[in-house]
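The structure under discussion appears below in the form of structure tokens.
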Amino acid sequence: MTFLAVAVIAIIPALVLRLMGWRPGPVIDTVVFGIAVLAAGFMLSWGAEAAEKRISQGLILALVALVTVLPEYAVDMYYAYQAGKAPDSNYVHYAAANMTGANRLLVGLAWPLMGILHWLRTRQRSIQMASVNVVEIGFLLVASLYAFVIVLKNRIDVFDSAVLVLLFGAYLWMTGRMPKADEALTQDDEPGPAAALSSLSPARQWVWMAGLTFVAAAVILASAEPFAESIVASGRVLGIDEFLLIQWLAPLASESPAVVIAVLFVLSGRAEGGLTTMISDKINQWTLLVGMLPLAMSVGFGGLTALPLDARQHEEFFLTAAQSLFGVALLLRLRFSLLSALALALLFAVQLVIAFIFRTEPSRAIASLTILAWVYLVLAALVFVPGAPGAWRAVVGLRAKAAKSRLDAAAKPGSGAAEAARET
């Protein structure tokens, strides 16, 4: 429980500042509340990892998925809500920037991290995925293709919210019906503090999981506003582009707990589980997070409205969609190679260099983002064509396996099908 004690200590300064209403300064506020969000995110991840052993489908699965990404949602929903209250303010740009940054960090940094760590640990040049993972790949493909509809409309509206939320719901329903990708993964202890929780009695596990979730959620909700505002103020004080801080710093803090959990899976010899976790987080944020932005903005606005994409955000969203499509193409063969990891990491590094070099030249930044997006699309096409047949064979095989599982279940003694067979 040492890690839990450290997390509790880390959130105390933020709670003190929040309750006292004292703000030492933008930079200190960013550090204090950012650490609190980070620590609370770890607490949520530990509880969610332990809960996955007992909860696997239905409404509870949706709640677990939401809880895991609450840090990112809290910050971005705050920006979107403020954008609704002031539609002509920079909050509109902040909401879009935070969302695109979070999505690109996952594919450009977290995914490659899984592949590189797996290679360093085992010297194996790829992470092999199970046929059941074609479900995640398929839903991510659909979400990525739909993102280009948003690019063409140049806004994210309530209709998009409905489509993306339904897509996320369908993903949960489908994965709830699928067998586990690796039965050994479910039988082993979860990494880190989740393993300690799993050793407790069921009743005590539920108490601890509920307590972790409640405390962490309260800390995140209390810290979201000062953290989000202090990032903006820190950029002005330090002379750093606040847009870049919101796009990269805030998601880095909120995504770190989930990434660390995935890293622990890789280091414990379960690379497929770590990679699948990161793919699931990408689906979550590429559907539910994007879909909730117009809803949060509408609440702030006091009526239905849409999140517009200006010239910069249009290209940011276009680049994010193109990167997602390339990431899907790399997964079609149900393996994630070291070369794929390095390609994603290199292209992501190019994004960061472009953002830094052209931070004071918006027009050149936009042009560079457009070129890079087309590079992603060309690469996606080159990889997609040879990889698609293998993915389709995996789909056919998975359908046959699912049908056989249903027949086996129906033939078990006590099932309706077995009783009907005996009657006839």
Side-chain angles (χ1 to χ4, degrees), residues 45 48-53 55-57 61-62 64-69 103 105-119 121-122 124 126-144 167-168 170-192 194 255 257-288 324 327-338 340-341 344 387 390-391 394-395 397-398 401-402:
S45 296
E49 288 296 322
E52 284 182 352
K53 237 178 186 181
I55 305 167
S56 60
Q57 59 184 2
L61 178 59
V64 169
L66 285 172
V67 161
T68 305
V69 294
N103 274 281
L105 271 170
L106 280 173
V107 178
L109 188 61
W111 288 17
L113 185 61
M114 302 300 107
I116 293 170
L117 287 177
H118 178 63
W119 175 74
R121 180 182 178 277
T122 66
Q124 295 178 4
S126 65
I127 298 176
Q128 298 297 325
M129 306 175 70
S131 59
V132 70
N133 294 130
V134 76
V135 174
E136 283 89 358
I137 297 170
F139 275 97
L140 185 53
L141 174 61
V142 172
S144 299
L167 184 60
F168 179 71
Y171 163 67
L172 291 180
W173 178 79
M174 183 67 73
T175 53
R177 299 183 66 197
M178 291 293 105
K180 293 290 185 181
D182 185 355
E183 291 299 329
L185 185 63
T186 64
Q187 294 170 1
D188 294 338
D189 286 337
E190 304 295 346
E255 297 288 351
V259 174
V260 170
I261 293 296
V263 166
L264 291 176
F265 273 115
V266 176
L267 296 180
S268 63
R270 292 172 281 176
E272 181 191 332
L275 179 60
T276 302
T277 298
M278 291 294 93
I279 296 172
S280 297
D281 281 355
K282 169 63 178 178
I283 296 171
N284 195 320
Q285 298 202 26
W286 203 214
T287 55
L288 198 59
S324 298
V328 171
L330 293 174
L331 299 174
L332 286 177
R333 294 184 178 181
L334 291 180
R335 63 183 181 87
F336 186 63
S337 68
L338 178 63
S340 298
L344 286 175
V395 171
L398 184 61
K401 182 178 179 181

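Note that these values count all heavy atoms, side chains included, but never hydrogens, waters or copies made by symmetry. Nothing fancy with the numbering, it's 1 onward along the sequence.
Remark: W111 engages no residue in a side chain to side chain donor-acceptor pair (under 3.5 Å) (not counting sequence neighbours). By the side chain to side chain donor-acceptor pair (under 3.5 Å) test, S337 pairs with S340, sequence neighbours left out. Among residues two or more places apart in sequence or in another chain, the side chain to side chain donor-acceptor pair (under 3.5 Å) test is passed with T287 by none. The side chain to side chain contact (heavy atoms under 4.5 Å, CB included) test applied to V263 returns L113, M114, L117, V259, L267, not counting sequence neighbours. Legend: residues meeting ring-ring contact (aromatic ring centres under 6.0 Å, His included) with F336, ordered by chain and number and at least two apart, are absent. Partners of E255 according to the side chain to side chain donor-acceptor pair (under 3.5 Å) rule, which considers only residues two or more places apart in sequence or in another chain, are Q285.
Once rounded to the nearest 0.5 Å, the distance linking OG of S280 with CG of L106 reads 11.0 Å. Taken from NZ in K282 to OG1 in T277, the straight-line distance is 16.0 Å, to the nearest 0.5 Å. Rounding to the nearest 0.5 Å places CD of E272 at 9.0 Å from CD of Q128. The CG atom of N284 lies 11.5 Å from the CG atom of L140; values are rounded to the nearest 0.5 Å. The line from CE of M278 to CG of L109 is 10.5 Å long, rounded to the nearest 0.5 Å. From L334, atom CG reaches atom CG of N133 across 7.0 Å, with rounding to the nearest 0.5 Å.
Using a 4.5 Å cut-off on side-chain heavy atoms (C-beta onward), L141 and L332 make no contact.
Closest approach of S324 and S144 over heavy atoms only: CB-OG, 3.2 Å. Scanning all heavy atoms of the two residues, the minimum distance from P112 to V107 falls at CD-O, 3.2 Å. Between H118 and Q124, the shortest heavy-atom distance links the atoms NE2-OE1, 3.2 Å.
In this structure a side-chain-to-backbone donor-acceptor pair under 3.5 Å is present from S268 to F265.
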